[in-house]
Amino acid sequence: MTTTFPDVTISTERLVLRPFEEEDVTALTEMMNDENITAWTSAPYPYTQAHAHAWATRDSHAERTEGRGIVLAVTEFLTQRLVGIVHLRNTNWRTRATEVGYVTAPWARGEGYASESVLAVAQWLFREQGFERLELRTAADNTASQQVAQKIGCISEGVLRNAWTVRTQTADGGWSDTRTDLIVWSLLPEDLDEGDGFDGYDGYESYDTYGGPGAHPGHAVPGQRSDANGHPVGADRK
């Protein structure tokens with residue numbers, strides 16, 4: 001039984017999703033220091049060049065090679081600028097189910113990039129990899145991430161009470177942890193109409209094998225602290 005995803009790139013009309021490279025370190029560092037990503041994920045703050053380098057060159061690749069999932073850097077097709085991240089994780093190879101997380105760079109919000117990239121990955125996952133379930137968990141107050149789930153056709157399944165920790169900024173500029181509920185969403189192959197996507201977008205255009213190194217364990221958010229019970233959530237702010 002296959003227990004790792006292939007190295008791939010996935011192309012849409014506007015985006016290229018590919019493995020991370022060392023050249024992404026500077027843009028990744030800038031993106032992950034955004035206050036909305038700090039608030040909704042467990043990524044370290046401040047997010048340093050060292051965190052970004054470990055993620056881009058080692059940890060993200062290990063997610064695939066060690067069978068936990070796959071991490072894709074989302075880039076603009078025309079400019080090659082880093083738009084965000086889509087991450088399949090907590091993969092169950094027996095049940096062919098996995099969980100998706102995503103973040104979007106501040107400058108790229110409002111363009112529909114999160115929906116476009118997550119939908120393309122979902123279509124690839126179901127049509128090319130034979131998966132049967134994609135799960136997404138969003139913090140109760142993260143309405144932007146919930147809009148992405150709704151836009152790609154996810155179904156809300158319920159609430160995990162008090163299951164996650166988000167961060168709120170304090171008066172002195174620091175951050176304080178706050179407990180929150182998680183909304184569980186799912187997407188199944190039959191939820192995707194074979195011919196249509198959202199707003200006229202009909203999904204990924206192509207995928208190709210793509211080589212990349214990987215050796216050590218990765219994390220659900222680039223450089224996040226280990227958490228045995230929590231599940232990182234999307235941080236797209238559209």
Side-chain angles (χ1 to χ4, degrees), residues 5 7-12 14-45 47-49 51-64 68-77 79-91 98-122 124-125 134-139 142 144-145 148-149 152 204 207 210 212 214 217-225 231-238:
F5 289 113
D7 262 352
V8 296
T9 58
I10 300 173
S11 298
T12 73
R14 302 186 297 169
L15 303 171
V16 176
L17 288 71
R18 56 161 175 78
F20 270 94
E21 303 168 348
E22 188 169 5
E23 290 75 14
D24 297 315
V25 167
T26 298
L28 179 61
T29 304
E30 179 181 353
M31 179 179 74
M32 295 303 296
N33 277 299
D34 171 65
E35 63 181 17
N36 287 320
I37 293 178
T38 300
W40 295 116
T41 76
S42 57
Y45 184 83
Y47 193 88
T48 67
Q49 287 262 337
H51 291 131
H53 188 271
W55 179 256
T57 63
R58 184 189 68 199
D59 295 345
S60 65
H61 302 282
E63 287 288 282
R64 188 192 69 81
R68 292 187 295 274
I70 189 169
V71 177
L72 296 168
V74 183
T75 63
E76 278 191 323
F77 176 76
T79 67
Q80 301 182 34
R81 192 175 180 184
L82 182 67
V83 167
I85 305 169
V86 175
H87 184 174
L88 299 182
R89 60 194 176 218
N90 300 326
T91 303
T98 191
E99 181 184 343
V100 65
Y102 48 89
V103 295
T104 302
W107 67 268
R109 293 168 189 158
E111 300 296 330
Y113 286 151
S115 301
E116 183 173 332
S117 58
V118 175
L119 180 61
V121 170
W124 169 80
L125 183 73
L134 182 64
E135 185 172 301
L136 169 63
R137 301 182 180 199
T138 63
N142 193 346
S145 190
V148 172
I152 67 173
Y204 70 92
Y207 72 96
Y210 190 104
H219 307 282
V221 173
Q224 76 171 79
R225 298 188 304 272
H231 294 269
V233 295
D236 181 65
R237 280 285 184 178
K238 295 182 63 184

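Below, all heavy atoms of this structure are taken into account, side chains as well, without hydrogens, waters or symmetry copies.
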* Nearest 0.5 Å please: distance from the CZ atom of Arg64 over to the CG atom of Leu88. => 12.5 Å

* Measure the CD-CD distance between Gln49 and Glu30 for me, rounded to the nearest 0.5 Å. => 10.5 Å

* Asked: Are the side chains of Ile152 and Leu136 in touch, meaning some heavy atoms are under 4.5 Å apart?
  -> no

* To do: Quick one: pull up CG in Leu72 and CG in Asp7 and give me the separation to the nearest 0.5 Å.
  => 9.5 Å

* Contact check, side chains of Trp55 and Asp24, non-hydrogen atoms, under 4.5 Å -> no

* Find out whether Arg89 and Arg68 are in side-chain contact, i.e. whether some heavy atom of one side chain is under 4.5 Å from a heavy atom of the other. => no

* Can you sort out the partners of Ala52 under side chain to side chain contact (heavy atoms under 4.5 Å, CB included), two or more places apart, ordered by chain and number? => Val25, Leu28, Thr29, Tyr47

* Residue list, side chain to side chain contact (heavy atoms under 4.5 Å, CB included) with Glu35, at least two apart or on another chain -> Gln169, Trp175

* **Any donor-acceptor N/O pair, His61 side chain to Phe20 backbone, under 3.5 Å** => yes

* Only one of Glu76, Arg14, Glu111 clears side chain to side chain contact (heavy atoms under 4.5 Å, CB included) with Val83; which? -> Glu76

* Search all heavy atoms of Ser60 against all heavy atoms of Ala56 and return the closest pair with its distance. => OG-O, 4.0 Å

* Asked: In chain order, what residues pass the side chain to side chain contact (heavy atoms under 4.5 Å, CB included) check against Thr75, with sequence neighbours excluded?
  -> Val16, Arg18, Leu82

* To do: Answer whether the closest heavy-atom distance between the side chains of Thr98 and Leu134 falls below 4.5 Å.
  => yes

* Do you know the tightest heavy-atom contact between Tyr45 and Thr38? -> CD1-OG1, 3.2 Å

* Anything under 30° is parallel, anything over 60° is perpendicular, the rest tilted; go ahead and classify Phe5 against Trp124. => tilted

* Can you name the side chain to side chain contact (heavy atoms under 4.5 Å, CB included) partners of Thr48, sequence neighbours left out? -> Ala50, His51

* To do: Using a 4.5 Å cut-off on heavy atoms from C-beta on, say whether the side chain of Arg109 contacts that of Asn36.
  => yes

* Is Ser117 reaching over with its side chain to a backbone N or O of Ala114, donor-acceptor style, under 3.5 angstrom? -> yes

* Counting only N and O atoms by type, is there a donor-acceptor contact under 3.5 Å from the side chain of Asp34 to the main-chain atoms of Met31? -> no

